[in-house]
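Each remark here refers to the structure printed beneath this line.
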Amino acid sequence: MSLQPILLLPDNRLRLISDPVRAVDDGVRTLMDDMLETMYDAPGIGLAAIQIAVSKRVVVIDVAKREGEEQEEVKNPIYLVNPEIVRVSDEISTYEEGCLSIPDYYAEVARPAKVRVRYLDRAGTMQEMDADGVLATCIQHELDHLDGVLFIDHLSRLKRDRVLKRFNKDAKRRLD
Ligand code: GNR
Ligand code: NI
């Protein structure tokens with residue numbers, strides 16, 4: 001297992017449409033292990049493969065509470081390969097979102113409150129899962145990444161342009 005660097009805005013690779021996985025093999029499982037390690041280290045509650053520069057339709061999520069009664073870690077990793085949202089609720093909910101590729105920026109995003117997602121699990125078996133709450137938000141945020149969409153794309157143009165400007169500036173400063 002290895003910790004990988006996370007791509008940051010304005011890296012254009014974050015805009016790629018990721019490729020479907022042909023088979024869930026050991027290579028894909030190693031990728032998922034690296035993603036999970038990188039996500040826990042950050043720390044974050046979800047990660048799409050493109051955030052570590054791998055353009056494949058692979059997502060890992062863990063929205064479990066980080067600490068249990070006696071401070072021990074409670075882990076509940078979810079592995080999604082080739083995920084598709086097959087049903088969304090009419091009900092909308094709004095969450096304050098952040099993204100490991102857009103550090104230190106948070107904004108409210110409105111999305112369907114509940115989703116049903118179809119995916120291949122770690123063993124390559126097709127599964128369906130119903131999600132609500134923060135898990136539903138996280139699934140939609142991660143699936144957006146697979147299509148090169150970032151949460152700032154759901155904001156007003158004014159807010160999005162402000163964030164893009166800030167990150168372009170930061171990137172230039174890093175070159176000086
Ligand atoms: O760690 C993360 N937290 C989060 C909070 C609200 C909505 C979505 C997220 S996902 C984010 C990690 C990330 O960038 N995943 O792509
Ligand atoms: Ni993100």
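Because only heavy atoms are used, hydrogens play no part in the values below, and waters and symmetry mates are left out as well, while side chains stay in. We count ligands from 1, going down the list as the structure has it; atoms in each ligand are counted the same way.
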Region of Met39 engaging ligand 1 - heavy atom pairs below 4.0 Å: neither

Polar contact flag for Glu96 and ligand 1 (N/O pairs, less than 3.5 Å): no

Angle, NE2 of His145 through the Ni ion (ligand 2) to SG of Cys99 - 10° precision: 100°

Side chain proximity check, Tyr40 to Pro77, heavy atoms < 4.5 angstrom: yes

In one Ile/Leu/Val/Met/Phe/Trp/Tyr side-chain cluster, 4.5 Å: Val24, Met126: yes

Structural part of His141 in contact with ligand 1, heavy atom criterion under 4.0 angstrom: side chain

Ligand-residue contact atoms, ligand 1 with His145, heavy atoms, under 4.0 Å: 16 (O)

Which of the ligand 1 atoms, numbered from 1, are nearer than 4.0 Å to a heavy atom of Gly44: 1 (O)

Protein contact of atom 14 (O) of ligand 1 - nearest heavy atom, named by residue and atom, plus distance: Leu100 N, 2.8 Å

Geometric N/O contact Ile45 with ligand 1, under 3.5 angstrom: yes

Nearest neighbour in protein (non-hydrogen) for atom 12 (C) of ligand 1: Gly46 O, 3.2 Å

Ligand-residue contact atoms, ligand 1 with Cys99, heavy atoms, under 4.0 Å: 14 (O)

Test: Lys114 and Asp90 ion pair at under 4.0 Å: no

Derivation and outcome, side chain to side chain contact (heavy atoms under 4.5 Å, CB included), residues Glu108 and Glu97: CA-CA 6 Å; Glu108 303 248 300; Glu97 298 197 18; over 6 Å; no

Salt bridge flag under 4.0 Å for residues Asp176 and Arg173: no

Contact check: Glu97 vs ligand 1, nitrogen or oxygen atoms, below 3.5 angstrom: no

Shortest protein heavy-atom distance from atom 9 (C) of ligand 1, along with the residue and atom involved: Gly98 O, 3.5 Å

Cationic N near anionic O, under 4.0 Å, Arg122 to Asp33: yes

For atom 15 (N) of ligand 1, closest protein heavy-atom neighbour: Glu142 OE2, 2.6 Å

Ser101 N/O under 3.5 Å from ligand 1 N/O: no

Lys56/Asp19 salt bridge by N-O under 4.0 Å criterion: no

Residue of the set Val59, Val28, Val60, Leu120 for which side-chain contact (heavy atoms from CB on, under 4.5 Å) holds with Tyr79: Val60

Heavy-atom side-chain proximity of Gln51 to Arg13 below 4.5 angstrom: no

